[in-house]
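Comments concern the structure below.
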Amino acid sequence: MKAFLTEIRGAVMSTLILAVVCCGIYPLVVFGLGQIFFRDQANGSLIVDKAGTIHGSRLLGQPFTAEKYFQARPSAAGNGYDATSSGGSNLGPTSSNLVATLTQRVADYRAQNKLTTNAPVPADAVTASGSGLDPHISVANAELQMPRVAKARNLPVETVLALIRANTDSAGLGIFGEPGVNVLPLNLTLDGLTAK
Amino acid sequence: MRIIDWLQLGLFVAALALITKPMGLYLGQVLDAKGRTWFDPILKPLEKITYRLMGVKAEREQDWKQYTIAMLLFSAVTCIFTYAILRLQNHLPLNPQGFGALSPDLAFNTAVSFTTNTNWQSYSGEATMSYLSQMVALVIHNFGSAATGIALAAALVRGIARHSVATLGNFWVDLIRTTYYLLLPLCLVFAVFLVSQGVIQNFNPYTKAKLLEPMKISVAKTDADGKPVLDAKSNPVMEEQTVTDQTIVQGPMASQIAIKMLGTNGGGYANANAAHPFENPTPLSNFLQMLSIFAIGSGLTYYLGSMTKNQAHGWSIWSAMMILFLGGALLCWWAEANGNPIHQQLGLAAADGNMEGKEVRFGVFNSALFATVTTDASCGAVNAMHDSFTPLGGFVPLFNIQLGEIIIGGVGAGLYGMLVFVVLAVFIAGLMVGRTPEYLGKKIQSFEVKMAMLSLLILCLTILGFAAWASVSQWGLAGLNNSGPHGLSEILYAYSSCVGNNGSAFAGLSANTPWYNTTLGIAMLFGRFLMIVPIMALAGSLGAKKISPASGGTFPVSGGTFVILLLGTVLLVGALNFLPCLALGPIVEHFLMLQGKLF
């Protein structure tokens, strides 16, 4: 019995000590180092303009519908790009619900970007991402939207293309993952250009 | 299946092979109570104070029963600790969003889930958990359950390596040394790296950002009591609203993500887990997160080799794991890259593969690889939604879990799970040649085989039993997000994931109900602790045995023959147990998809 009580003391004390070390000291040290060396990233990579308005985060997508904006991927997070409700559609490969949704999105995408009725549509343009907050679209998707945006803003296509390139996050170290066009900073830059 | 993707796969395997030996050597120092590490000057005093406060005599070793009881007590106390915080979080500090307490069934499910290293999440982190709950109630298990797994594996390895002894080490010493010398230093470096990539680490309240283009949504109109207003045909009346803000999640995320990966816990800070751009912002963070899931488990195979003074045995087990890993990764990648013919007929570019539920920055290949890695191990973090994978792409993670997560596996749990198969493989080899089976000089007798079989039967019976119950129950079917065979897959995946202590999901299943929370919670407890007890009995029995010298008739536990026999045992047991139900789920769905059938 005495041995058992010693073990209980071990269990209770180890819980408390681990709570202090692993759940107190450790996260606070990471917090301190993060705030000193990577302040911007540690606080959400926020995009703040000179007036102090927070426009969003470089890492989180936003919904767009207007002609003059590059449009982000469909989102299953809440009502769309709800950053407090991340997640995917979780619809499976034989879901009739998903097929109906995709059919509508493909038709909309082709109409909006003046594509022929049998032109292939980039998959990322009509599918919901895993997080519902994907900040990127594929380069092919951006280039298909480019003429529409250039026309709506009266900008030369070359200017818009240069902005797409400038807002493309390349693959990690040139090898890992996929390049993607970051939609929110791209649209913000476009707004800045057009305002001038 | 592009060349650049093959290159990434090659780099991943090469990086894993490179870290295995250094990790194994370091584990040897950590898991030796008298071992030395670089961190001794800082951590040795802390270790000593910890033992004094706990009343532990570090030099006193325990037999298998004492070791197991200590482990169970630690798990029970931490579980109650977490349950209490979750139930009281509305009264506790660090809750800037003012989240309420969790319901009893959800708090039970979550506390059990994290205690068992499962990290199944019936809740959505960013809308449920206060910073204190995330950082303390959940993270304590991310460390504790990972260290527990490693400790148990070390005890089993000692049972194999030692002979004619009753003791297997001291649980408390293994727990504390693993946490202090292994997990904390690795996590600290990894967490700071993750912050550099964009993972948040702060205590700010959620930030309101102004949407560039306000969004019009239509929502159900509610009356003064919050009830939906119905029209004459009793459909809800919709009204237009304009959303002008985006609420950006904040909190101490990076410190949690680092340990969730290294400790193969997998519980996300946010609902979307590692698909969320804050949790896994870049392809580079993604690569290192995948590597960190495998890092410790891979090193443990080297630790086994060095403890048993048979490094070829360690590498043979590692090779068997790698063959199973590559098989799964290639099948999943191929299926996802080929995509869904039904969707391609609608006009989706065939070359893009299946992108539903995937992030652009990871693409098809890194999503498939992550899904394979996270289910080979008992991690369960996801960077894409498995529910939306093609049938065969989703088959791979499900089958990986059902094999018992022995392909590298959860930290510690993967090794002790695989060693059960090694015992069976040796036993089968002995039967084939008609000699008493021996494993590294120890006779494998009926007790060892019984214990090994018991732990496998528990896995299979619990998964199939609960899944069968749920799929014929009202409460089980009510949670489905998909119908047809995919619905069965959702249920099967849920119980496989919980019994296997994985924690990933076909996340369409609405599992936050009292029935699901309770049954899944029991499944997790069975899958963890009912597995461990026979394995510890096996460890105790092996440790007490004498070593008999190897002879010409001894079956070698290294080399090609052994690897093939081990693979055969794993696949045969896995396939016999689960192929019938897999045939009704993902396999039949694959053929229905090819025919264009929808549900």
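Every chain is numbered from 1 and lettered A, B, ... according to where its sequence line falls, protein lines coming before strand lines.
- If you measure heavy-atom distances from A:Q35 to chain B, the contacts under 4.5 Å come from the side chain alone.
- To the nearest 0.5 Å, the span separating CD1 on B:I140 from OG on A:S14 amounts to 8.0 Å.
- Residues B:K208 and A:I54 form no side-chain contact, since every pair of their non-hydrogen atoms from C-beta on lies 4.5 Å or further apart.
- For residues 20-31 of chain A, no pair satisfies side chain to side chain donor-acceptor pair (under 3.5 Å), with sequence neighbours left out.
- Of the atoms belonging to A:V106, it is side-chain heavy atoms, and not backbone ones, that fall under 4.5 Å from chain B.
- Residue contact with chain B, scored on non-hydrogen atoms closer than 4.5 Å, involves the side chain of A:T53 exclusively.
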> Do B:F278 and A:S86 pass the side-chain contact (heavy atoms from CB on, under 4.5 Å) test, and can you show the C-alpha distance, the side-chain angles, and the key distance before you say yes or no?
Replying inline: CA-CA 11 Å; B:F278 274 175; A:S86 63; over 6 Å; no
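- For A:P74, no part sits under 4.5 Å from any heavy atom of chain B, backbone or side chain.
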> When you look at B:K597 and A:T94, which way does the side-chain contact (heavy atoms from CB on, under 4.5 Å) test go after all the steps?
Replying inline: CA-CA 7 Å; B:K597 177 105 175 79; A:T94 52; 6.0 Å; no
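- For B:Y51, no part lies near chain A; criterion is any non-hydrogen pair under 4.5 Å.
- In the displayed structure, A:Q112 atom CD is contacted under 6.0 Å by more than 12 heavy atoms of other residues, nucleotides or ligands.
- In this structure the side chain of A:T6 never reaches within 4.5 angstrom of the side chain of B:M54, judged on heavy atoms.
- The shortest distance between side-chain heavy atoms of B:F81 and A:V12 does not fall below 4.5 Å.
- Heavy atoms only, all atoms of each residue included: A:P63 and B:M215 are closest at CG-SD, 3.5 Å.
- Within the 4.5 angstrom heavy-atom criterion, only backbone atoms of A:S85 (N, CA, C, O) approach chain B.
- Although no hydrogens or angles enter the test, the distance criterion places no donor-acceptor pair under 3.5 Å between the side chain of B:E359 and the main chain of A:S129.
- A donor-acceptor distance shorter than 3.5 angstrom exists from the side chain of A:S96 to the backbone of B:F599, with no hydrogens or angles considered.
- Using a 4.5 Å cut-off between heavy atoms, A:L188 touches chain B through backbone and side chain atoms alike.
- Looking at residues two or more places apart in sequence or on another chain, you find no side-chain hydrogen bond (donor to acceptor under 3.5 Å, both in side chains) involving B:H590.
- The part of A:L173 that comes within reach of chain B is its side chain, from C-beta onward, which places non-hydrogen atoms under 4.5 angstrom from that chain.
- Between the side chain of B:Q246 and the backbone N or O of A:A83, no donor-acceptor pair lies under 3.5 Å.
- For A:F38, there are no ring pair (Phe, Tyr, Trp, His ring centres under 6.0 Å) partners, not counting sequence neighbours.
- For B:F171, no part lies under 4.5 angstrom from a heavy atom of chain A.
- The part of A:L33 that comes within reach of chain B is its side chain, from C-beta onward, which places non-hydrogen atoms under 4.5 angstrom from that chain.
- Enclosure of atom CZ in B:F203 by more than 12 non-hydrogen atoms of other residues, nucleotides or ligands within 6.0 angstrom is indicated.
- The two residues B:L53 and A:M13 come nearest to each other via the heavy atoms O-CG, 3.3 Å.
- The nearest pair of heavy atoms linking A:D134 to B:R361 is OD1-NH1, 4.1 Å.
- Interface remark: A:A3 contributes no atoms to any contact with chain B (heavy atom separation under 4.5 Å).
- Here the closest non-hydrogen pair linking A:G34 and B:V195 is CA-CG1, 4.0 Å.
- Counting heavy atoms from C-beta outward, B:L212 and A:F64 have side chains that approach closer than 4.5 Å.
- Contact of A:I17 with chain B is made through the side chain alone, with heavy-atom distances under 4.5 Å.
- Side chains of B:K358 and A:E178 form no contact here, defined as non-hydrogen atoms less than 4.5 Å apart.
- With a 4.5 Å cut-off on side-chain heavy atoms, A:F37 and B:S196 do not count as touching.
- Inter-residue side-chain proximity for B:E356 and A:T101 is flagged as unmet; no heavy-atom pair is nearer than 4.5 Å.
- Contact residues of residues 140-160 of chain A toward chain B are absent (heavy-atom distance under 4.5 Å).
- Using a distance-only test at 3.5 Å, with no hydrogens or angles considered, no donor-acceptor pair links the side chain of A:R9 to the main chain of B:V56.
- Taking the side chain as every heavy atom from C-beta outward, A:P27 and B:Q201 approach each other to under 4.5 Å.
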